[in-house]
Amino acid sequence: MTIKIAEAYKALFKPFRNMVYYGGRGSGKSWAFAQALLLQGAQKKLLILCTREFQGSIQDSVHRLLSSMIDKMGLATFYRIEKSKIIGANGTEFLFEGLKNNVTKIKSMEGVDICWCEESESISQFSWDVLIPTIRKDGSEIWVSFNTANEDDPTWQTFVEHPRENSYVKKVSWRDNPWFPKELENEKDALKKHDYAKYKHIWEGEFVAAFDGAYYVKEMERLRDEGRITNVPLQDGIEVNTFWDVGHSDLTVIWFHQRVGLEDRFIKCYANRLERLEHYARYIKDQGYNYGTHYLPHDANYNRLSTGKSYKEMLEDMGLDNIKIVERTQDVATAIEDTAQKLSSCWIDQKHCKDGIKALERY
């Protein structure tokens, strides 16, 4: 038997505790996982659990995909396809369970060799907390496949942002699928022309860049495409300015900025909440920068009943010099347009401005 596996998926035949493939549509992730599991199950007896967050019925699972793949691979005489499971001639079993409503059943499972978590972008933190310690047999593996959604998703944070020991993590796209169909290629190209942000998410596996109604979608996409969300180091000899949004019950956000030639470079963004003003003044000082101007919003000039002083005066008492109050803009639409235009000259540090980038994309 000769089975063709795309080059990008050769790691599926190597032992890793966590096997993680993510990215865009059309990459062949599900096909490759199904092929590899069926081949390994034919080579030796395995108990393979196929799961996802929601499985209302067996039709919601990868049962149909595996059944189709068995036929394509010529393994119909080896695997017996039952209504709720698939059995190999050597005793290999494929089981299918949803995570959301089967906590007790999942916890009691013993002897699972490989657990395939499909559409893992939907799996909750609670479900991961139940599943991961359940897959505890010596040498057992957790296979994770998903289309990229949001950076805050538990799956992304657990397996990509903070990968565990003995993990293989790979991003794939339609380019990694040598059998990418012409029909999907036409759909991909049409979406790229019509809605580039959506194309980047669906086909290139980028995060959902913005929510409906977000103002700076195109500008942030342009920054990413032009490589201006990147590593932006501190430029020696140039003053650092700060721009504040002072929160009361919500976040206080401070951007750290340098003007280098005609470029606006943002080297850091700090956000916190429910901290006293002293906390932010101390944070500013602790960075050790050579500061230029600290820009505060218009309401920082109002006196507070509790102190009889404005935020500006209090920060000056705490040792911050050269504070400038930015006048209030009456026309919000004009302010948004001005910000969008200003973004065209910006460079933003992708690591130290992570929270600020997310806020801009969702504003």
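By convention here, the first residue in the shown sequence is residue 1.
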Assess the side chains of Thr155 and Trp128: does a donor N or O sit below 3.5 Å from an acceptor N or O? yes

Parallel, tilted or perpendicular: which describes the rings of Tyr21 and Tyr168, with under 30° parallel and over 60° perpendicular? tilted

Is the closest basic N to carboxylate O distance between Asp113 and Lys137 below 4.0 Å? yes

Decide if atom CZ of Arg25 counts as having more than 12 heavy atoms of other residues, nucleotides or ligands within a radius under 6.0 Å. no

Sole candidate of Leu37, Leu49, Val20 that passes side chain to side chain contact (heavy atoms under 4.5 Å, CB included) when paired with Trp143: Leu37

Which value, rounded to the nearest 0.5 Å, describes the distance between Ile123 atom CD1 and Cys117 atom SG? 4.5 Å

Please determine whether a side-chain nitrogen of the Lys or Arg among Lys342 and Glu219 lies less than 4.0 Å from a carboxylate oxygen of the Asp or Glu. no

Between Asp317 and Lys309, is the closest basic N to carboxylate O distance under 4.0 Å? yes

Compute the centroid of each ring, for His257 and then for Phe243, and state whether the two points are separated by less than 6.0 Å. yes

Considering only NZ, NE, NH1 and NH2 on the basic side and carboxylate oxygens on the acidic side, decide whether Lys85 and Glu93 come within less than 4.0 Å. yes

Is a side-chain N or O of Thr252 found less than 3.5 angstrom from the main chain of Gly247, in a donor-acceptor match? yes

Flag if over 12 foreign heavy atoms under 6.0 Å of NE2, His194: no

State yes or no: are the ring centers of Trp156 and Tyr22 separated by less than 6.0 Å? yes

I need the His294 NE2 to Ile254 CD1 distance, nearest 0.5 Å. 9.5 Å

How far apart are the C-alpha atoms of Thr51 and Glu97, what are their side-chain angles, what is the distance that settles it, and do they pass the side chain to side chain donor-acceptor pair (under 3.5 Å) test? CA-CA 5 Å; Thr51 189; Glu97 296 291 345; over 6 Å; no

Between Ser124 and Glu53, is any side-chain donor less than 3.5 angstrom from a side-chain acceptor? yes

Checking Ser167 side chain against Pro163 main chain: does a donor-acceptor pair fall under 3.5 Å? no

Heavy-atom count check: over 12 atoms from other residues, nucleotides or ligands less than 6.0 Å from Arg64 CZ? no

Could you tell me whether Lys312 and Glu316 make a salt bridge, using a distance below 4.0 angstrom between a side-chain N and a carboxylate O? yes

Report the C-alpha separation of Trp203 and Ser173 in whole Å, then their side-chain angles, then the decisive distance to 0.1 Å, and conclude whether the side chain to side chain donor-acceptor pair (under 3.5 Å) test is met. CA-CA 7 Å; Trp203 296 105; Ser173 73; over 6 Å; no

Any chain of hydrophobic side-chain contacts (each under 4.5 Å) joining Val172 to Trp179? no

Pair Glu187, Lys182 - check salt bridge (Lys or Arg N to Asp or Glu O under 4.0 Å), show working. CA-CA 9 Å; Glu187 293 291 338; Lys182 184 66 176 178; over 6 Å; no

Would a distance-only check, ignoring hydrogens and angles, find a side-chain to backbone donor-acceptor pair under 3.5 Å from Asn90 to Gly41? yes

Could you tell me whether a side-chain N or O of Thr293 sits under 3.5 Å from a main-chain N or O of Tyr295, the two making a donor and an acceptor? no

If hydrophobic clusters are built from ILVMFWY residues whose side chains come within less than 4.5 Å, do Ile3 and Phe33 share one? yes

Verify same cluster id: Phe180, Ile5 (apolar side-chain graph, 4.5 Å): no

Regarding Gln350 and Thr230, do their side chains bring together a donor and an acceptor under 3.5 Å, going by distance alone? no

Ignoring hydrogens and geometry, is there a side-chain-to-backbone donor-acceptor pair from Thr134 to Val130 under 3.5 Å? yes

Does the pair Arg136/Glu110 count as a salt bridge with the N-to-O cut at 4.0 Å? yes

Please answer whether the main-chain N or O of Leu360 pairs with a side-chain N or O of Tyr215 as donor and acceptor at a distance below 3.5 Å. no

Are Lys188 and Trp174 in a cation-pi contact, defined as NZ or CZ under 6.0 Å from the six-membered ring centre and within 45° of the axis? yes

Does Met109 share a hydrophobic cluster with Ile87, counting links as ILVMFWY side-chain heavy atoms below 4.5 Å and allowing steps through other members? no

Quick one: pull up CE in Met69 and OH in Tyr79 and give me the separation to the nearest 0.5 Å. 12.5 Å

Evaluate side chain to side chain donor-acceptor pair (under 3.5 Å) for Arg222 paired with Ser344, printing each intermediate quantity in order. CA-CA 8 Å; Arg222 188 177 299 116; Ser344 64; over 6 Å; no

Test Phe266 against Phe256 for ring pair (Phe, Tyr, Trp, His ring centres under 6.0 Å), laying out the working first. CA-CA 6 Å; Phe266 290 92; Phe256 294 78; over 10 Å; no

Between Lys358 and Asp152, is there a side-chain N and carboxylate O pair less than 4.0 Å apart? yes

Ring centres of Trp31 and Tyr9 under 6.0 Å apart? no

Nearest 0.5 Å, what's the NZ-CG distance between Lys105 and Leu99? 12.0 Å

Report the distance from atom OG of Ser345 to atom CG of Leu262, rounding to the nearest 0.5 Å. 8.5 Å

Salt bridge Lys200-Glu221, side-chain N to carboxylate O under 4.0 Å: no

Phe13, CZ atom: more than 12 neighbouring heavy atoms under 6.0 Å: yes

Pairing donors with acceptors under 3.5 angstrom, does anything connect the side chains of Arg17 and Ser140? yes

Checking the side chain of Gln157 only, and the main-chain atoms of Glu151 only, is there a donor and an acceptor separated by less than 3.5 Å? yes

Are Lys171 and Glu206 within salt-bridge range, i.e. N to O under 4.0 Å? yes

Whether Tyr196 and Tyr199 hold their rings parallel, tilted or perpendicular, with breakpoints at 30° and 60°: parallel

Return the orientation label for the Phe94 and Phe96 ring planes: parallel under 30°, perpendicular over 60°, tilted otherwise. parallel

Same cluster or not: Leu65 versus Met73, using hydrophobic residues (I, L, V, M, F, W, Y) connected whenever any side-chain heavy atoms lie under 4.5 Å apart? yes

Verify, without hydrogens or angle tests, whether Arg164 (side chain) and Phe159 (backbone) share a donor-acceptor contact under 3.5 angstrom. no

Can you tell me how far the CG atom of Leu320 sits from the CZ atom of Arg282, to the nearest 0.5 Å? 12.0 Å

May I have the step-by-step check of side chain to side chain donor-acceptor pair (under 3.5 Å) for Lys29 and Asn177, ending in yes or no? CA-CA 9 Å; Lys29 296 185 294 294; Asn177 182 1; over 6 Å; no

Would you mind checking if Glu82 and Arg80 are paired as a salt bridge, meaning a charged N to carboxylate O distance below 4.0 Å? yes

May I ask you to decide if Lys268's main-chain N or O and Asp349's side chain share a donor-acceptor pair within less than 3.5 Å? no

